[in-house]
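Okay, so here's the structure we're looking at.
Note that the structure is a prediction, hence the values are computed from the model and not measured.
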Amino acid sequence: MSFNSVCEQKNNEKNAKSSKNSNTIKIPLILPESLGSSEFRNDYCIKYACIAGGMYRGIASKELVIALANARLMGFLGTGGRTLNDIEQDIIYIQNSLTDGQAYGLNLVANLDSPEAELALVELYLNYNIRCVEAAAFIRITPALVLYRLQGIYKDQHGAVRTKNKIIAKLSRPEVANHFLSPAPMHFVQQLFALGKITPEQVELSQFIFMCDDICVEADSGGHTDRGQPAVLLPAIQTLRDQKVLEHNFAQTPRVGLGGGIGTPNSAAAAFMMGADFILTGSINQCTVEAGTSDLVKRMLQDINVQDTDYAPAGDMFESGAKVQVLKKGVFFAARANKLFQLYQQYDSLDTLPEKIQTQLQHKYFNASFDDIWAQTKQYLLNANRSQDIKRAEQDDKYKMARVFRWYFAYSMKLAFTGSEQARVNFQIHTGPALGAFNQWVKGTELEHWQNRHVDQIAEKLMQSTAALLNTRTQQLLTLNHVAEKKQR
C-alpha cells in the first residue's frame, strides 16, 4: 500500500470515530504532505514543503545534506567562508552518495569584497551541474547570479521559457525581492555575452524569466539578520510577488516561503496559516548529529532557552554595522564584539586607543598583539589576491584598525569549530531563539540530548506535529461554531 493510501485510510478511521460526537464536525485531516505549495514539493521532488538552509562554514554539512536527501527532503550545503577546494570535495562526496536523483542544493553567499571569487564559485557549481542554489546576503543581482540563472535556459514544448538552474533567494527586504522578481539586468547579460560565457539564445531568453524560482522571506534568524518581523515581511513580499507576476506575465510564478524563528509546530503552523508556500529551518539543525560544528558547541546549544541569544556586529560587514544573532549564554563574544564596534566608531586608529584598552584587547580578547594580527591579516589578503586592501590599510589607519578588529570575528568562529573548553568564552556561535523554543518543546523526550537529534527526524517530527496541531485547532474552531449555531436555533 502506498504512503498516501495509508494516510487516507487513517483519515477515514479517525473521521469515523469523530462522528460519534454530535458536536463534532467531520472534516478531512490535514496531512503534513499537504502543507504549503504542492508545486514547490513537485518541482524539487520532496515530500514536505520544508527545507533546511545552508549554514556558514559547513555547519550545514555534507552529512546533513545527504541525510535529508535520503529522507526525500532537501538541505543546502553551507559554503560561506570555505575554500573552493573544500567545497568541490564536498560536492564530489554528495554526488557519489546520492545516485537516485535525490534533492539537494548548495548555498551561494554574496561576496561583496571579491566578485571574482563569487564568479569562480558559480563556475564550479556549473561544472558539477548543481541545479539548485540558495542565494543569501545579496543586496542586488550580480553577474555571477545571472550566469548561473541563464545556463540551461530553454523553451519547453509549449513555448514557455524555463531554466534548469533554480535559485531560491533568501532575503529580508522588499527592494532586494524586487531585483529577484525581475528579469536579469541587461547590462550584465550583455557583459557575459561579450565575455563568451552565454549564447545569443540565452541573451534573447533572459528577459522572459524571473531571476529566482522561489523567495524565502528571512525573518529574525540566527547569523546575519535584519531583525525582520514575519507577520510584516511575508505579506509585503507576497503582495510584491503578485504584482510582479501580473506585470510580466511570465510562465512561472515564484513561490514565497518563510524562514527565521521556526523551531516548533506553533511557529511552522503560523507560517503556513499566513500563506507561506514552504518553510526553511536553520538554528534547530545546528544542534544535530550531522551538523558540522564541535561537540562542545552542540552541548552548549542543547540547553539554551529563547532569551539566550544576542546581537553582535557581522565580521564580514563590520564597518557597516550589519548584525548577526549569536549565542549569549556562557560566552563573552557578543559583548566583546559590540565593544570593538564601539571603539571603531569612537577612535581613528589603533594607536589612538587608550593604553589600557590596547592591553585589554591584546591580552584578553585576542591573545595576540596588534602587530601579529596584522601580519596574519596581510598574509590572508595576499593569498586572496587582495593586495589593494593591504595598500589601503597601510595608507588609512582607521581601515587598518577595522581589518585588525575583523580578525577577531574569524578567530572566534574558528575557536567554536575547534571546541576548546579553555577558549569557550570567545566562541562565536550563530543561532536564534528558534532553537531555544525547540529545546523547550522536546524537553523530557529522547530529543532533549543532541546525540539523539538527527536532522531528517527533526524535520519529520516538525511537519507531522504541525499538521496535528492544525487539525486540532481547526476541529476546535469548527466544533465551537457548530455548538454556537445549535444554540441559536
Side-chain angles (χ1 to χ4, degrees), residues 40 43-46 50-111 114-138 141-152 163-171 180 211-216 218 223-224 257 259 278 280-282 285-286 290-293 316 430 455-456 459:
F40 181 85
D43 279 359
Y44 293 101
C45 299
I46 54 179
C50 175
I51 58 178
M55 291 181 285
Y56 194 63
R57 288 186 179 271
I59 294 175
S61 65
K62 60 184 183 296
E63 291 81 10
L64 183 149
V65 169
I66 291 168
L68 287 169
N70 284 329
R72 290 179 54 216
L73 299 167
M74 182 166 71
F76 290 86
L77 180 73
T79 61
R82 304 181 67 207
T83 67
L84 280 179
N85 182 64
D86 286 345
I87 296 169
E88 183 175 17
Q89 293 308 308
D90 277 5
I91 292 173
I92 293 170
Y93 186 92
I94 291 169
Q95 292 186 341
N96 286 339
S97 301
L98 302 177
T99 58
D100 297 325
Q102 299 99 317
Y104 71 95
L106 271 68
N107 186 229
L108 176 63
V109 181
N111 195 328
S114 180
E116 299 82 8
E118 184 184 304
L119 184 61
L121 183 57
V122 161
E123 289 178 334
L124 175 69
Y125 290 177
L126 293 173
N127 287 340
Y128 281 91
N129 293 315
I130 301 301
R131 293 304 186 192
C132 182
V133 300
E134 174 198 49
F138 285 87
I141 302 302
T142 65
L145 271 176
V146 174
L147 176 62
Y148 180 80
R149 187 65 168 158
L150 297 186
Q151 290 294 328
T163 182
K164 295 178 181 178
N165 293 339
K166 297 182 180 297
I167 293 177
I168 299 179
K170 190 162 68 175
L171 49 87
F180 280 96
M211 272 301 299
C212 70
D213 291 273
D214 303 283
I215 287 176
C216 177
E218 187 175 22
H224 290 78
F278 61 94
L280 179 142
T281 58
N285 302 320
Q286 188 174 4
E290 293 80 15
T293 190
D316 55 345
H430 292 186
V455 65
D456 54 324

Between [X] and [Y], what is the shortest heavy-atom contact and its length?
{"X": "I46", "Y": "A103", "result": "CG2-CB, 3.7 Å"}
{"X": "T99", "Y": "Q95", "result": "CG2-O, 4.1 Å"}
{"X": "A135", "Y": "I167", "result": "CB-CG2, 4.0 Å"}
{"X": "E118", "Y": "A144", "result": "OE2-CB, 3.4 Å"}
{"X": "L73", "Y": "D456", "result": "CD1-O, 4.2 Å"}
{"X": "A52", "Y": "N285", "result": "CB-ND2, 3.5 Å"}

Is the closest side-chain heavy-atom distance between [X] and [Y] below 4.5 Å?
{"X": "L147", "Y": "E123", "result": "yes"}
{"X": "N165", "Y": "I130", "result": "no"}
{"X": "I51", "Y": "I168", "result": "yes"}
{"X": "L124", "Y": "I91", "result": "yes"}
{"X": "I141", "Y": "V146", "result": "yes"}

Pair L106-L121, side-chain contact (heavy atoms from CB on, under 4.5 Å): steps then yes or no: CA-CA 11 Å; L106 271 68; L121 183 57; over 6 Å; no

Test side-chain contact (heavy atoms from CB on, under 4.5 Å) applied to D316 and H224, step by step: CA-CA 10 Å; D316 55 345; H224 290 78; 2.9 Å; yes

Verdict with supporting geometry, D90 and R82, side-chain contact (heavy atoms from CB on, under 4.5 Å): CA-CA 11 Å; D90 277 5; R82 304 181 67 207; 2.9 Å; yes

Heavy-atom donor-acceptor pair, E134 side chain to G54 backbone, under 3.5 Å: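 Yes, because the side chain of E134 sits within donor-acceptor range (under 3.5 Å) of the backbone of G54.
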
Any donor-acceptor pair under 3.5 Å from T293 side chain to I59 backbone: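 Checking the backbone N and O of I59 against the side chain of T293, no donor-acceptor pair under 3.5 Å is found.
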
Contacts of type side chain to side chain donor-acceptor pair (under 3.5 Å), residue E88, not counting sequence neighbours: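 So E88 forms a side chain to side chain donor-acceptor pair (under 3.5 Å) with Y128.
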
Contacts of E218 that satisfy side chain to side chain donor-acceptor pair (under 3.5 Å) - sequence neighbours left out: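 Result, side chain to side chain donor-acceptor pair (under 3.5 Å) vs E218: S221.
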
Verdict with supporting geometry, L108 and L145, side-chain contact (heavy atoms from CB on, under 4.5 Å): CA-CA 9 Å; L108 176 63; L145 271 176; 3.9 Å; yes

Stepwise salt bridge (Lys or Arg N to Asp or Glu O under 4.0 Å) test for D213 and R149: CA-CA 10 Å; D213 291 273; R149 187 65 168 158; 2.6 Å; yes

Parallel, tilted or perpendicular: ring planes of Y56 versus H430, cut at 30 and 60 degrees: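 Taking H430 first and then Y56, their aromatic rings lie parallel (interplane angle under 30°).
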
Side chains of S114 and N111, donor plus acceptor under 3.5 Å: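 No - no donor-acceptor pair under 3.5 Å links their side chains.
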
Member of Y125, Y104, F76 meeting the side-chain contact (heavy atoms from CB on, under 4.5 Å) criterion with C132: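 Exactly one candidate clears the test, F76.
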
